[in-house]
Asks: 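Questions regarding the structure given below will be posed in turn.
Lettering follows sequence order; numbering is per chain, from 1.
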There are 2 protein chains.
Amino acid sequence: MYTDDKGKVPGGEADAAASETERAADLIFAALVDRIIAGELRPGDALNETALAESFAVSRTPVREALQRLGVTGLAQRGPRRAFMVSQPDRASLDDLFEAMGEVEALCAEYAARRMSAAERAGLAEIVAEGAERVAATDEAGYIAVNARFHRALFDGAHNATLRDLALGLRIRTSPYRDAQFRRTERLASSQAEHQRILTAVRAENPAAAGAAVREHIAATALNIARMIAAARG
Amino acid sequence: MYTDDKGKVPGGEADAAASETERAADLIFAALVDRIIAGELRPGDALNETALAESFAVSRTPVREALQRLGVTGLAQRGPRRAFMVSQPDRASLDDLFEAMGEVEALCAEYAARRMSAAERAGLAEIVAEGAERVAATDEAGYIAVNARFHRALFDGAHNATLRDLALGLRIRTSPYRDAQFRRTERLASSQAEHQRILTAVRAENPAAAGAAVREHIAATALNIARMIAAARG
DNA sequence: TTATGGCGATATGTATACAGATGACAAGGG
DNA sequence: CCCTTGTCATCTGTATACATATCGCCATAA
């Protein structure tokens, strides 16, 4: 489950005068996002309207709505018959995506280093501590969850809703590739060490250091994933 | 007309295996975006599905699709009956929006300073020269168009599709507020001077200077708009 | 006069039916 | 044997009909 406590994802538009009854389209959108993040739906997989409608026991209408949102969000792209499929960026696009994510996350970290309250900094430290436990226990699934919370805390710490939404959106788009690395490679410990470095910079209220640490963290992630993909192909 | 040559806006998802026949939903989306940018639809204006369907002589279905996209893009938000209306961010949200736009545009400028080809730099210089002409002629409408091309060129110059789309999306969201300032305030000359500064930095392949110049440019814009809104209220 | 509760109108959400386009496949010719 | 072309199945795009919730208004009572 990546969708946060309220089940909200940037793709689901602002909830100003929201109602309590959940629309089918919202549920389907959230469900599809979760499936993509969980890896049940993989890049390139077809998103057939009729099939999805059947599986969710609804008509095509709310399914189409959910797919539209996935498309605008960047999680889905159009294939042959203008049909949607889970986005499968080529190498260049994937590089762009990770580069952009690194920069936007770095921005968040810089602002977080300036703006986080004492309580927020303490909370971030707490999350890093939990990460250390998960690494010690070699608990990949647990670490993935802690990792998500860590980055989320950085985004919130920037105290800028627009930046946060941008960062969350990019993070979701990279998730099909990100989470797998923790299971397939020896990246737990190094990732945790990088988190520690970021935390230190944020605590020191040093924006430049925080931004640099995040950039390196994402670069390391991107490199690791590139290797993983290359290995899978070779 | 803000929508670029191909009538594409980030909200319209990637056009991998696109077809030539334009769908009604696409046309309506583009039309609504244009109306918002042109100021015909202003923040807070209701976007009634039935009324729009009638005015476009189509059913509600494609209208709903277009509205969904506007919502995810951030150009529309939900009002009372879950009905869409043109986004009307409060002061804090608007500050966030401009802050984020400044940062993302600055990122683009930094990358552009590093990556633009000689031809691209020459093209940027050409645009700035055209801007000088429009300022000399006190041609607000003409300058608005040149201004859009200038920023667009910076985004393209970053050579990163994801960053470009993020920047374009943010730029569209701010357009209801941006364009008005050229007509209502004495901002033509100062804006042009700032463009010149950015160009100089990009030509010198100086990312830091380019980023700083853009940040100041957007900050000046945001300040001007804040004053304008305050004046309109007071 | 004000607050409250129900009722009705209206707009959105969903289902279904129809139309159009596209990709696949097979048959025929070079 | 390969390429071309036409037909067909299937999936998306749009229209229309129906269900449902929300908001405003009016009546009624405190």
Asks: OP1 or OP2 of C/dT14 sitting under 4.0 Å from any side-chain N/O of A/Thr61?
Replies: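 Negative; the distance criterion is not met.
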Asks: Tell me the interatomic distance from B/Phe56, atom CZ, to D/dT14, atom P, rounded to whole angstroms.
Replies: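 Whole-Å distance recorded here is 13 Å.
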Asks: According to side-chain hydrogen bond (donor to acceptor under 3.5 Å, both in side chains), who are the partners of A/Arg64, at least two apart in sequence or on a separate chain?
Replies: A/Glu49, B/Glu65
Asks: Would you mind reading off the distance between A/Gln68 atom CD and C/dG13 atom C1', rounded to a whole angstrom?
Replies: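 A/Gln68 atom CD is separated from C/dG13 atom C1' by 16 Å.
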Asks: Roughly how far apart are B/Ile218 CD1 and B/Leu223 CG, rounded to 0.5 Å?
Replies: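 Reported value, rounded in 0.5 Å steps: 13.0 Å.
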Asks: Apply the side-chain hydrogen bond (donor to acceptor under 3.5 Å, both in side chains) test between A/His159 and each candidate in A/Arg164, A/Glu120, A/Arg115, A/Arg114; give the one that qualifies.
Replies: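 The residue from A/Arg164, A/Glu120, A/Arg115, A/Arg114 that satisfies side-chain hydrogen bond (donor to acceptor under 3.5 Å, both in side chains) with A/His159 turns out to be A/Glu120.
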Asks: A/Glu65 has an atom CD; how far is it from atom P of C/dA15, in whole Å?
Replies: 11 Å
Asks: When the distance from CD of B/Glu54 to C1' of C/dA11 is rounded to whole Å, what number comes out?
Replies: 13 Å
Asks: Between the side chain of A/Ser191 and the main-chain N/O of A/Leu188, is any donor-acceptor distance below 3.5 Å?
Replies: no
Asks: Taking side-chain hydrogen bond (donor to acceptor under 3.5 Å, both in side chains) as the test, write out the residues that go with B/Asn147, two or more places apart.
Replies: B/His151, B/His195
Asks: Could you tell me the separation between the CG atom of B/Asp26 and the P atom of D/dG13, rounded to a whole number of Å?
Replies: 9 Å
Asks: Tell me: CZ of A/Phe29 to C1' of C/dT14, nearest whole Å?
Replies: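 One finds 19 Å between C1' of C/dT14 and CZ of A/Phe29, rounded.
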Asks: Counting distance only, does the side-chain N/O of A/Asp45 pair as donor-acceptor with the main-chain N or O of A/Val86 below 3.5 Å?
Replies: no
Asks: For every nucleotide of nucleotides 6-12 of chain D, 5' to 3': is a protein heavy atom under 4.0 Å from its base (B), only from its sugar-phosphate (S), or from neither (-)?
Replies: ---BBBB
